[in-house]
Amino acid sequence: MSNNARPGTAGATRTCPHCKTRILESAAVCPACKHYLRIDSPNSPLAQPMPSPLKVEGIIRHPADGGSWEYQVVITVRDERGDEVSRHVVGVGALHPNEQRTFSLAVEMFTPAVKGGRRH
(Lines give C-alpha, C1' and ligand atoms only; values in the text may rest on other atoms or scores of the structure.)
Protein backbone atom coordinates (compact mmCIF):
# COMPACT_ATOMS: atom_id res chain seq x y z
CA MET A 1 0.00 0.00 0.00
CA SER A 2 3.00 2.30 -0.26
CA ASN A 3 4.46 4.20 -3.16
CA ASN A 4 7.99 3.11 -4.02
CA ALA A 5 8.51 5.50 -6.95
CA ARG A 6 11.58 7.71 -6.59
CA PRO A 7 11.09 11.48 -6.72
CA GLY A 8 11.05 12.66 -10.33
CA THR A 9 9.73 9.35 -11.70
CA ALA A 10 6.27 8.38 -12.91
CA GLY A 11 4.01 7.65 -9.93
CA ALA A 12 6.07 9.57 -7.39
CA THR A 13 3.94 11.27 -4.75
CA ARG A 14 4.08 14.16 -2.33
CA THR A 15 1.81 15.64 0.31
CA CYS A 16 -0.47 18.56 -0.52
CA PRO A 17 0.62 21.44 1.73
CA HIS A 18 -3.02 22.58 2.05
CA CYS A 19 -5.00 19.44 2.89
CA LYS A 20 -2.21 16.90 3.58
CA THR A 21 -3.59 14.40 1.01
CA ARG A 22 -1.05 12.22 -0.80
CA ILE A 23 -1.03 13.36 -4.44
CA LEU A 24 1.07 12.89 -7.58
CA GLU A 25 4.31 14.85 -7.54
CA SER A 26 3.50 16.15 -11.04
CA ALA A 27 0.15 17.68 -9.99
CA ALA A 28 -0.19 21.45 -10.44
CA VAL A 29 -3.60 21.41 -8.68
CA CYS A 30 -4.52 19.17 -5.74
CA PRO A 31 -7.32 16.78 -6.84
CA ALA A 32 -8.70 16.72 -3.28
CA CYS A 33 -8.85 20.36 -2.19
CA LYS A 34 -8.45 22.00 -5.66
CA HIS A 35 -5.76 24.42 -4.40
CA TYR A 36 -3.09 25.44 -6.90
CA LEU A 37 0.28 24.01 -5.97
CA ARG A 38 2.43 25.85 -8.49
CA ILE A 39 2.13 28.23 -11.39
CA ASP A 40 3.99 26.97 -14.43
CA SER A 41 4.60 28.53 -17.80
CA PRO A 42 2.80 26.98 -20.79
CA ASN A 43 6.17 25.56 -21.95
CA SER A 44 7.10 23.82 -18.68
CA PRO A 45 6.90 20.02 -18.64
CA LEU A 46 3.83 18.90 -16.67
CA ALA A 47 1.88 15.68 -16.69
CA GLN A 48 -0.59 15.78 -19.56
CA PRO A 49 -4.19 14.69 -18.84
CA MET A 50 -5.64 11.82 -20.84
CA PRO A 51 -9.29 10.91 -21.38
CA SER A 52 -10.77 9.37 -18.23
CA PRO A 53 -10.94 5.57 -18.66
CA LEU A 54 -13.53 5.18 -15.89
CA LYS A 55 -16.42 7.36 -14.77
CA VAL A 56 -19.30 5.99 -12.71
CA GLU A 57 -22.17 7.90 -11.11
CA GLY A 58 -25.13 6.57 -9.21
CA ILE A 59 -28.00 7.89 -7.10
CA ILE A 60 -29.41 6.25 -4.00
CA ARG A 61 -32.83 7.48 -2.92
CA HIS A 62 -34.35 6.52 0.41
CA PRO A 63 -38.09 5.81 0.15
CA ALA A 64 -40.55 7.83 2.21
CA ASP A 65 -41.32 4.97 4.58
CA GLY A 66 -38.94 3.13 6.90
CA GLY A 67 -36.09 4.13 9.15
CA SER A 68 -32.82 5.80 8.32
CA TRP A 69 -30.02 4.06 6.42
CA GLU A 70 -26.32 4.45 7.11
CA TYR A 71 -23.69 4.27 4.37
CA GLN A 72 -19.94 4.16 3.98
CA VAL A 73 -18.08 4.77 0.72
CA VAL A 74 -15.04 2.52 0.33
CA ILE A 75 -12.59 2.68 -2.59
CA THR A 76 -10.29 -0.30 -3.21
CA VAL A 77 -7.50 -0.42 -5.80
CA ARG A 78 -6.09 -3.80 -6.87
CA ASP A 79 -3.17 -4.69 -9.12
CA GLU A 80 -3.14 -7.15 -12.05
CA ARG A 81 -2.86 -10.14 -9.64
CA GLY A 82 -5.85 -8.99 -7.60
CA ASP A 83 -3.70 -7.93 -4.65
CA GLU A 84 -4.99 -4.91 -2.76
CA VAL A 85 -2.82 -1.84 -3.41
CA SER A 86 -4.87 0.60 -1.33
CA ARG A 87 -8.20 0.83 0.46
CA HIS A 88 -9.78 4.02 1.79
CA VAL A 89 -13.03 5.02 3.42
CA VAL A 90 -13.83 8.28 1.65
CA GLY A 91 -17.15 9.12 3.23
CA VAL A 92 -19.78 8.01 5.71
CA GLY A 93 -23.24 9.26 6.50
CA ALA A 94 -26.93 8.55 6.77
CA LEU A 95 -29.96 8.78 4.51
CA HIS A 96 -33.27 9.66 6.09
CA PRO A 97 -36.68 9.09 4.44
CA ASN A 98 -37.06 11.09 1.17
CA GLU A 99 -33.34 11.97 1.01
CA GLN A 100 -30.95 11.05 -1.74
CA ARG A 101 -27.20 11.01 -2.38
CA THR A 102 -25.30 10.99 -5.65
CA PHE A 103 -21.97 9.13 -5.68
CA SER A 104 -19.41 9.73 -8.42
CA LEU A 105 -16.14 7.95 -9.13
CA ALA A 106 -13.63 9.00 -11.77
CA VAL A 107 -10.17 7.66 -12.51
CA GLU A 108 -8.01 10.45 -13.90
CA MET A 109 -4.98 9.36 -15.96
CA PHE A 110 -1.90 11.39 -16.91
CA THR A 111 1.06 10.95 -19.22
CA PRO A 112 4.18 11.92 -17.25
CA ALA A 113 6.07 14.85 -18.74
CA VAL A 114 9.43 14.24 -20.39
CA LYS A 115 12.24 16.55 -19.37
CA GLY A 116 15.77 16.24 -20.61
CA GLY A 117 15.10 12.96 -22.40
CA ARG A 118 13.82 11.10 -19.34
CA ARG A 119 10.40 10.66 -17.81
CA HIS A 120 9.51 12.45 -14.59
Side-chain angles (χ1 to χ4, degrees):
M1 286 195 202
S2 65
N3 176 0
N4 295 325
R6 292 188 331 258
T9 63
T13 61
R14 62 182 167 139
T15 301
C16 172
H18 305 283
C19 69
K20 308 304 182 211
T21 298
R22 189 173 79 168
I23 61 172
L24 288 171
E25 183 180 77
S26 62
V29 176
C30 175
C33 68
K34 303 291 187 191
H35 279 94
Y36 283 87
L37 303 170
R38 64 175 178 245
I39 305 297
D40 289 302
S41 73
N43 297 328
S44 67
L46 291 175
Q48 298 299 311
M50 299 170 53
S52 179
L54 176 65
K55 288 185 180 181
V56 179
E57 184 170 286
I59 298 171
I60 298 174
R61 176 178 287 286
H62 191 306
D65 55 346
S68 297
W69 296 343
E70 292 183 325
Y71 65 86
Q72 54 191 20
V73 180
V74 180
I75 301 290
T76 305
V77 178
R78 296 183 185 278
D79 65 14
E80 62 279 356
R81 294 182 310 274
D83 296 334
E84 193 172 279
V85 175
S86 65
R87 178 183 182 90
H88 300 279
V89 175
V90 296
V92 297
L95 280 174
H96 304 286
N98 285 325
E99 288 185 340
Q100 78 175 32
R101 297 289 184 276
T102 301
F103 300 92
S104 299
L105 166 71
V107 176
E108 299 172 344
M109 303 292 289
F110 300 89
T111 302
V114 177
K115 182 178 181 181
R118 67 183 182 96
R119 290 206 170 268
H120 275 25

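Since the model is a prediction, treat every value here as computed from it, not as a measurement. All values below come from the heavy atoms of this structure, side chains included, with hydrogens, waters and symmetry mates left out.
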### Task
Indicate if Leu95 and Ile59 have the same hydrophobic cluster label, given that clusters are the connected sets of ILVMFWY residues with side-chain heavy-atom separations under 4.5 angstrom.
no

Pairs of donor and acceptor atoms involving the side chains of residues 66-74, under 3.5 Å and at least two apart or interchain, shall be tabulated with distances.
| residue | atom | partner | partner atom | Å |
| --- | --- | --- | --- | --- |
| Ser68 | OG | His96 | ND1 | 2.6 |
| Tyr71 | OH | Arg101 | NE | 3.4 |

### Query
Taking C-beta and beyond as the side chain, do Ile23 and Thr13 meet within less than 4.5 Å on heavy atoms?
no

#### Entry: From CG (Leu105) to CG (Leu54), nearest 0.5 Å
5.0 Å

### Message
Measuring from atom OG of Ser86 to atom CZ of Arg22, what distance do you get when rounded to the nearest 0.5 angstrom?
### Response
7.0 Å

### Message
Working to the nearest 0.5 angstrom, can you tell me the gap between Cys19 SG and Lys34 NZ?
### Response
11.0 Å

### Message
Looking at Lys20 and Pro17, would you say the former's side chain and the latter's main chain have a donor-acceptor pair under 3.5 Å?
### Response
yes

### Query
Within a strict 4.5 Å, meaning less than it, do heavy atoms of the Arg78 and Val85 side chains meet?
no

### Task
Indicate the atoms forming the closest heavy-atom contact of Pro97 with Ala64, along with that distance.
CB-O, 3.3 Å

### Message
As an exercise, state the distance from CD of Glu99 to NE2 of His62, rounded to the nearest 0.5 Å.
### Response
8.5 Å

### Task
Identify, with sequence neighbours excluded, every residue that meets ring pair (Phe, Tyr, Trp, His ring centres under 6.0 Å) alongside His35.
His18

### Task
Would you give the length of the straight line joining atom NE2 of His88 to atom OG1 of Thr21, rounded to the nearest 0.5 angstrom?
10.0 Å

### Task
Taking side-chain hydrogen bond (donor to acceptor under 3.5 Å, both in side chains) as the test, write out the residues that go with Gln100, two or more places apart.
Arg61

